[in-house]
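Here's the structure, in C-alpha coordinates; my notes come after.
For the single chain, residues carry numbers from 1 onward in sequence order.
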Amino acid sequence: GIKTLAIDTGGFLGGFNWGAEQAWLTVIKSYVTEPPKEHKGINVVGPPLLGSKNWPNDIREIERLLQAADVPINMTVFRNVSADQLPNIARAAHNYVLTQEEFPDFANKCKELGMPIWEKGWELPLPIGVHNTEEWYLALALEFGNEEKAKAQMQQDMNLVRSIMRGNYNASWALGAMSAKHVAVYGYSQFAASLARSLFYDFNMRPVVIALCAETPEALTRAEKLLEPM
(Lines give C-alpha, C1' and ligand atoms only; values in the text may rest on other atoms or scores of the structure.)
Protein backbone atom coordinates (compact mmCIF):
# COMPACT_ATOMS: atom_id res chain seq x y z
CA GLY A 1 0.00 0.00 0.00
CA ILE A 2 2.98 2.33 -0.19
CA LYS A 3 3.07 4.70 -3.14
CA THR A 4 6.33 4.50 -5.10
CA LEU A 5 7.60 7.30 -7.36
CA ALA A 6 10.19 6.39 -9.97
CA ILE A 7 12.50 9.19 -11.15
CA ASP A 8 15.07 8.97 -13.95
CA THR A 9 17.98 11.11 -12.75
CA GLY A 10 20.99 9.62 -14.52
CA GLY A 11 24.13 11.68 -13.96
CA PHE A 12 24.52 12.15 -17.71
CA LEU A 13 21.23 14.11 -17.71
CA GLY A 14 22.33 16.75 -15.21
CA GLY A 15 23.89 17.40 -11.82
CA PHE A 16 22.75 17.39 -8.22
CA ASN A 17 20.53 20.46 -8.54
CA TRP A 18 18.89 19.08 -11.68
CA GLY A 19 18.15 15.81 -9.88
CA ALA A 20 16.56 17.73 -6.99
CA GLU A 21 14.37 19.63 -9.43
CA GLN A 22 13.12 16.37 -10.96
CA ALA A 23 12.30 15.05 -7.49
CA TRP A 24 10.31 18.18 -6.63
CA LEU A 25 8.43 18.03 -9.93
CA THR A 26 7.60 14.35 -9.53
CA VAL A 27 6.15 14.91 -6.07
CA ILE A 28 4.11 17.94 -7.18
CA LYS A 29 2.71 16.19 -10.24
CA SER A 30 1.89 13.08 -8.20
CA TYR A 31 0.22 14.76 -5.23
CA VAL A 32 -1.14 18.12 -6.44
CA THR A 33 -4.04 17.47 -8.78
CA GLU A 34 -5.48 20.99 -8.96
CA PRO A 35 -4.48 24.51 -7.85
CA PRO A 36 -5.64 25.38 -4.32
CA LYS A 37 -8.22 28.08 -3.75
CA GLU A 38 -6.07 29.97 -1.25
CA HIS A 39 -2.33 30.75 -1.20
CA LYS A 40 -0.52 31.80 1.98
CA GLY A 41 3.06 31.85 3.21
CA ILE A 42 6.18 30.53 1.55
CA ASN A 43 7.79 27.20 0.80
CA VAL A 44 11.45 27.06 1.82
CA VAL A 45 12.85 24.92 -0.98
CA GLY A 46 16.01 22.83 -1.17
CA PRO A 47 17.75 22.50 2.25
CA PRO A 48 20.29 19.96 0.88
CA LEU A 49 21.24 22.52 -1.79
CA LEU A 50 22.48 25.07 0.77
CA GLY A 51 26.09 24.05 0.16
CA SER A 52 26.78 23.46 3.86
CA LYS A 53 27.29 19.96 5.22
CA ASN A 54 25.48 21.14 8.36
CA TRP A 55 22.20 21.77 6.53
CA PRO A 56 19.87 20.08 9.10
CA ASN A 57 21.06 22.60 11.71
CA ASP A 58 21.13 25.42 9.14
CA ILE A 59 17.52 24.88 8.13
CA ARG A 60 16.33 24.67 11.75
CA GLU A 61 17.94 28.06 12.37
CA ILE A 62 16.39 29.51 9.20
CA GLU A 63 12.96 28.25 10.28
CA ARG A 64 13.45 29.67 13.79
CA LEU A 65 14.34 33.12 12.52
CA LEU A 66 11.52 33.27 9.97
CA GLN A 67 8.94 32.15 12.52
CA ALA A 68 10.17 34.83 14.95
CA ALA A 69 9.58 37.47 12.25
CA ASP A 70 6.05 36.18 11.51
CA VAL A 71 7.06 34.85 8.10
CA PRO A 72 4.55 32.02 7.53
CA ILE A 73 6.26 28.82 6.34
CA ASN A 74 3.85 26.63 4.41
CA MET A 75 6.36 23.80 3.99
CA THR A 76 10.09 23.11 3.92
CA VAL A 77 10.55 21.11 0.73
CA PHE A 78 11.10 18.44 1.90
CA ARG A 79 11.97 18.17 5.58
CA ASN A 80 9.82 16.46 8.21
CA VAL A 81 6.92 16.19 5.75
CA SER A 82 4.57 13.23 5.78
CA ALA A 83 2.91 11.87 2.64
CA ASP A 84 -0.53 13.15 3.63
CA GLN A 85 0.89 16.70 3.85
CA LEU A 86 2.32 16.70 0.33
CA PRO A 87 -0.86 17.94 -1.42
CA ASN A 88 -0.50 21.13 0.67
CA ILE A 89 2.76 22.12 -1.04
CA ALA A 90 0.82 24.21 -3.57
CA ARG A 91 -0.86 26.31 -0.86
CA ALA A 92 2.17 28.62 -0.63
CA ALA A 93 2.08 32.07 -2.20
CA HIS A 94 5.77 31.89 -3.17
CA ASN A 95 8.71 29.51 -3.22
CA TYR A 96 11.95 30.73 -1.67
CA VAL A 97 14.75 28.60 -3.16
CA LEU A 98 17.95 28.16 -1.13
CA THR A 99 20.28 28.10 -4.12
CA GLN A 100 20.93 30.39 -7.06
CA GLU A 101 20.64 27.67 -9.67
CA GLU A 102 18.06 27.92 -12.46
CA PHE A 103 15.06 25.55 -12.25
CA PRO A 104 12.97 26.28 -15.37
CA ASP A 105 10.69 23.21 -15.22
CA PHE A 106 10.00 23.66 -11.52
CA ALA A 107 9.49 27.42 -11.96
CA ASN A 108 6.95 26.93 -14.75
CA LYS A 109 5.01 24.32 -12.77
CA CYS A 110 4.94 26.53 -9.66
CA LYS A 111 3.75 29.53 -11.66
CA GLU A 112 0.99 27.38 -13.17
CA LEU A 113 -0.16 26.44 -9.64
CA GLY A 114 -0.11 30.06 -8.43
CA MET A 115 3.02 29.88 -6.25
CA PRO A 116 5.86 31.42 -8.28
CA ILE A 117 9.51 31.41 -7.25
CA TRP A 118 10.39 34.55 -5.28
CA GLU A 119 13.06 35.87 -7.64
CA LYS A 120 14.45 38.45 -5.20
CA GLY A 121 15.57 35.50 -3.09
CA TRP A 122 18.19 34.73 -5.73
CA GLU A 123 19.77 38.15 -5.03
CA LEU A 124 20.21 37.49 -1.30
CA PRO A 125 23.19 35.89 0.43
CA LEU A 126 22.69 32.86 2.62
CA PRO A 127 22.45 33.75 6.34
CA ILE A 128 26.10 33.00 7.15
CA GLY A 129 27.51 35.46 9.69
CA VAL A 130 26.09 38.72 10.99
CA HIS A 131 26.34 40.88 7.87
CA ASN A 132 24.68 38.35 5.55
CA THR A 133 22.02 37.36 8.06
CA GLU A 134 20.91 40.94 8.63
CA GLU A 135 20.52 41.59 4.90
CA TRP A 136 18.78 38.24 4.31
CA TYR A 137 16.51 38.43 7.36
CA LEU A 138 15.25 41.96 6.86
CA ALA A 139 14.51 41.34 3.17
CA LEU A 140 12.36 38.29 3.95
CA ALA A 141 10.67 39.98 6.90
CA LEU A 142 9.88 43.08 4.85
CA GLU A 143 8.38 41.00 2.03
CA PHE A 144 6.50 38.33 3.96
CA GLY A 145 6.46 39.10 7.68
CA ASN A 146 7.18 41.73 10.32
CA GLU A 147 10.39 43.76 9.97
CA GLU A 148 10.24 45.13 13.51
CA LYS A 149 9.97 41.63 14.96
CA ALA A 150 12.97 40.61 12.87
CA LYS A 151 15.00 43.50 14.27
CA ALA A 152 13.93 42.59 17.82
CA GLN A 153 14.99 38.97 17.29
CA MET A 154 18.38 40.04 15.96
CA GLN A 155 18.88 42.30 18.99
CA GLN A 156 17.96 39.43 21.31
CA ASP A 157 20.37 37.06 19.57
CA MET A 158 23.11 39.70 19.58
CA ASN A 159 22.71 40.19 23.33
CA LEU A 160 22.97 36.43 23.87
CA VAL A 161 26.17 36.17 21.82
CA ARG A 162 27.61 39.21 23.55
CA SER A 163 27.00 37.67 26.99
CA ILE A 164 28.76 34.46 25.91
CA MET A 165 31.70 36.18 24.21
CA ARG A 166 32.40 38.80 26.86
CA GLY A 167 35.65 37.90 28.56
CA ASN A 168 36.02 34.71 26.53
CA TYR A 169 39.78 34.40 26.05
CA ASN A 170 39.55 31.64 23.45
CA ALA A 171 37.18 33.68 21.28
CA SER A 172 39.28 36.85 21.45
CA TRP A 173 42.45 34.87 20.70
CA ALA A 174 40.88 33.09 17.72
CA LEU A 175 39.37 36.27 16.29
CA GLY A 176 42.64 38.12 16.70
CA ALA A 177 44.56 35.33 15.00
CA MET A 178 42.13 35.30 12.06
CA SER A 179 42.05 39.05 11.49
CA ALA A 180 43.75 40.38 8.35
CA LYS A 181 44.68 36.92 7.08
CA HIS A 182 44.51 36.15 3.35
CA VAL A 183 42.32 33.17 2.47
CA ALA A 184 40.97 31.24 -0.52
CA VAL A 185 37.35 30.10 -0.73
CA TYR A 186 36.06 27.36 -2.99
CA GLY A 187 32.53 25.93 -3.11
CA TYR A 188 29.02 26.05 -4.53
CA SER A 189 28.35 29.50 -5.93
CA GLN A 190 25.96 31.08 -3.41
CA PHE A 191 27.47 29.32 -0.40
CA ALA A 192 31.05 30.25 -1.33
CA ALA A 193 30.07 33.86 -2.06
CA SER A 194 28.18 34.15 1.24
CA LEU A 195 31.07 32.60 3.17
CA ALA A 196 33.57 34.96 1.54
CA ARG A 197 31.39 37.94 2.47
CA SER A 198 31.18 36.72 6.07
CA LEU A 199 34.95 36.32 6.33
CA PHE A 200 35.41 39.84 4.93
CA TYR A 201 32.72 41.74 6.84
CA ASP A 202 32.53 39.78 10.10
CA PHE A 203 36.12 38.60 10.64
CA ASN A 204 38.25 41.18 8.78
CA MET A 205 39.76 38.42 6.64
CA ARG A 206 40.75 38.91 3.00
CA PRO A 207 39.41 36.37 0.47
CA VAL A 208 41.99 36.94 -2.27
CA VAL A 209 40.85 33.90 -4.28
CA ILE A 210 37.19 32.92 -4.59
CA ALA A 211 36.37 29.92 -6.79
CA LEU A 212 32.70 29.38 -7.59
CA CYS A 213 31.25 26.16 -8.98
CA ALA A 214 27.70 25.79 -10.30
CA GLU A 215 25.54 23.83 -12.72
CA THR A 216 24.07 26.84 -14.53
CA PRO A 217 25.59 30.16 -15.66
CA GLU A 218 22.79 32.02 -13.85
CA ALA A 219 24.10 30.76 -10.50
CA LEU A 220 27.59 32.07 -11.26
CA THR A 221 26.28 35.47 -12.37
CA ARG A 222 24.14 35.83 -9.24
CA ALA A 223 27.02 34.84 -6.95
CA GLU A 224 29.35 37.32 -8.63
CA LYS A 225 26.82 40.09 -7.93
CA LEU A 226 26.87 39.14 -4.25
CA LEU A 227 30.63 39.68 -4.26
CA GLU A 228 30.57 43.06 -6.01
CA PRO A 229 30.32 45.16 -2.79
CA MET A 230 33.59 43.60 -1.59
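- By the 4.5 Å heavy-atom criterion applied to side chains, Glu101 and Leu49 are not counted as neighbours.
- Rounded to the nearest 0.5 angstrom, Leu65 CG and Gln153 CD are separated by 6.5 Å.
- Counting side-chain heavy-atom gaps under 4.5 Å among Ile, Leu, Val, Met, Phe, Trp and Tyr, the cluster of Phe12 also holds Leu13, Trp18.
- Val185 has its side chain out of reach of Val209: every pair of non-hydrogen atoms, C-beta onward, lies at least 4.5 Å apart.
- Under the rule for a side chain to side chain donor-acceptor pair (under 3.5 Å), the partners of Asp70 that lie at least two apart in sequence or sit in another chain are Lys149.
- A salt bridge between Arg162 and Asp157 is absent, with no side-chain N of the basic residue lying under 4.0 Å from a carboxylate O of the acidic one.
- Considering CG of Leu25 and CD1 of Ile7, their distance stands at 9.5 Å, rounded to 0.5 Å.
- The list of salt bridge (Lys or Arg N to Asp or Glu O under 4.0 Å) pairs with a residue in residues 125-139, not counting sequence neighbours, reads Glu135-Arg197.
- Contact check for Ile59 versus Leu98: side-chain heavy atoms found under the 4.5 Å cut-off.
- Every residue meeting the ring-ring contact (aromatic ring centres under 6.0 Å, His included) condition with Phe106, not counting sequence neighbours, appears here in chain and number order: Trp24.
- Each salt bridge (Lys or Arg N to Asp or Glu O under 4.0 Å) pair with one or both residues in residues 171-181, not counting sequence neighbours, would appear here, but there are none.
- Annotation: the span from Glu63 atom CD to Glu61 atom CD amounts to 10.5 Å, rounded to 0.5 Å.
- Counting heavy atoms from C-beta outward, Trp122 and Gln190 have side chains that stay 4.5 Å or more apart.
- Between the CG atom of Asn74 and the NE2 atom of His39 there is a distance of 10.0 Å, given to the nearest 0.5 Å.
- Ring geometry, Phe144 versus Trp118: the interplanar angle exceeds 60°, so the pair is classed perpendicular (tilted spans 30 to 60°).
- Met165 places a side-chain heavy atom less than 4.5 Å from the side chain of Leu175.
- The CD1 atom of Ile2 lies 7.0 Å from the OG1 atom of Thr4; values are rounded to the nearest 0.5 Å.
- Residues Ser179 and Met205 fail the side-chain proximity criterion, which asks for heavy atoms closer than 4.5 Å.
- Taking the side chain as every heavy atom from C-beta outward, Val44 and Leu66 approach each other to under 4.5 Å.
- Atom CG of residue Asn95 and atom CD1 of residue Ile117 lie 6.5 Å apart, to the nearest 0.5 angstrom.
- Tyr188 places none of its side-chain heavy atoms less than 4.5 Å from the side chain of Thr99.
- For residues 191-230, the ring-ring contact (aromatic ring centres under 6.0 Å, His included) pairs, not counting sequence neighbours, are His131-Tyr201.
- Of the possible donor and acceptor atoms, none in the side chain of Gln22 sits under 3.5 Å from a partner among the backbone N and O of Gly19.
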